[in-house]
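For reference, the structure discussed in these notes is given below.
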Amino acid sequence: NAGVTQTPKFRVLKTGQSMTLLCAQDMNHEYMYWYRQDPGMGLRLIHYSVGEGTTAKGEVPDGYNVSRLKKQNFLLGLESAAPSQTSVYFCASSYPGTHSNQPQHFGDGTRLSIL
Amino acid sequence: GIQVEQSPPDLILQEGANSTLRCNFSDSVNNLQWFHQNPWGQLINLFYIPSGTKQNGRLSATTVATERYSLLYISSSQTTDSGVYFCAVSRGNYGGSQGNLIFGKGTKLSVKP
């Protein structure tokens with residue numbers, strides 16, 4: 001059981017380049033999330049999805065787009081990368097509804113550097 | 001939005017020592033979780049504890065919702081306990097904007113052999 005898998009694990013981009021981060025989960029979770037983690041900070045929510053075909057903005061959505069074409073996949077796109085987007089990106093998934101004994105499951109992260 | 005403050009920001013312990021990490025939050029919540037981020041960056045959920053006390057081995061957590069704080073206790077610390085401990089809270093169920101987790105900045109714990 002792989003859980004939540006993020007690809008790639010590392011990437012270096014030049015300013016202005018575009019790329020897509022892929023998150024895949026095999027737990028049949030309805031909800032999926034993209035977070036970013038900056039040095040000395042906790043995680044901040046970028047976008048999330050409550051089901052196939054739906055997305056919603058989180059706390060820091062600017063500069064990112066997302067898509068949830070299949071239930072098991074959640075894509076995070078950077079159309080024109082900026083140095084401020086250098087960060088570690090985490091994907092998570094969960095069941096819907098109440099969260100008692102149903103924690104969010106996290107991937108191992110993607111380290112992204114924008115030069 | 002809800003503010004989450006964790007203390008202390010950094011903690012250095014000798015192996016075998018006990019420690020208490022604190023999480024204060026600015027509004028009522030119905031979801032509080034503690035996470036451990038290990039030195040390799042992986043996030044592990046430790047407790048779901050919006051109120052009351054739970055224990056799991058050497059770790060235990062207590063949340064006093066009426067006073068808006070939670071404590072994570074680590075007893076007989078080991079080097080494998082090193083990493084960053086995050087507290088995260090929300091006010092609603094997953095799926096709504098109020099259900100999204102808000103993370104504190106974490107407590108970085110270093111356990112020396």
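Note on naming: letters A, B, ... go to the chains in the order of the sequence lines (proteins, then strands), and numbering restarts at 1 for each one.
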Subject >> Hphob cluster co-occupancy, B:Phe35 + B:Leu32, side-chain heavy atoms under 4.5 angstrom >> reply: no
**OP:** With sequence neighbours left out, write down each residue that passes side chain to side chain donor-acceptor pair (under 3.5 Å) with B:Gln42, or none if nothing qualifies.
**Re:** A:Asp108, B:Asn38
Original post:
Honestly curious: do A:Leu13 and A:Leu76 fall in one hydrophobic cluster under the side-chain, below-4.5 Å linking rule?
Top reply: yes
**OP:** Under 4.5 Å heavy-atom distance to chain A, tell me which part of B:Phe47 shows up: side chain, backbone, both or neither.
**Re:** neither
**OP:** Apply the test side-chain hydrogen bond (donor to acceptor under 3.5 Å, both in side chains) to residues B:Gln37 and A:Gln37: give CA-CA distance (whole Å), side-chain angles for both, the deciding distance (0.1 Å), then the verdict.
**Re:** CA-CA 11 Å; B:Gln37 186 171 37; A:Gln37 183 180 25; 2.9 Å; yes
Original post:
What pair of heavy atoms forms the shortest contact from B:Gln33 to A:Gln104, and how long is it?
Top reply: OE1-N, 4.1 Å
**OP:** Return the option, out of A:Gly40, A:Ser49, A:Gly107, with the maximum number of heavy-atom pairs under 4.5 Å with chain B.
**Re:** A:Gly40
Subject >> A:Lys71 NZ: over 12 foreign heavy atoms closer than 6.0 Å >> reply: yes
**OP:** Answer whether the closest heavy-atom distance between the side chains of A:Tyr35 and B:Leu101 falls below 4.5 Å.
**Re:** yes
Subject >> Cluster check B:Leu46, B:Phe86: I/L/V/M/F/W/Y, side chain < 4.5 angstrom >> reply: no
**OP:** Write down the atom of A:Phe106, the atom of B:Leu43, and the distance for their closest heavy-atom approach.
**Re:** CD2-CD1, 3.6 Å
**OP:** Examine whether an atom of A:Leu43 lies under 4.5 Å from a heavy atom of chain B, and if so say whether it belongs to the side chain, the backbone or both; otherwise answer neither.
**Re:** both
Subject >> CD1-CZ distance between B:Ile102 and A:Arg44, expressed to the nearest 0.5 angstrom >> reply: 12.5 Å
Subject >> Joint hydrophobic cluster, B:Leu72 plus B:Val111, side-chain heavy atoms closer than 4.5 Å >> reply: yes
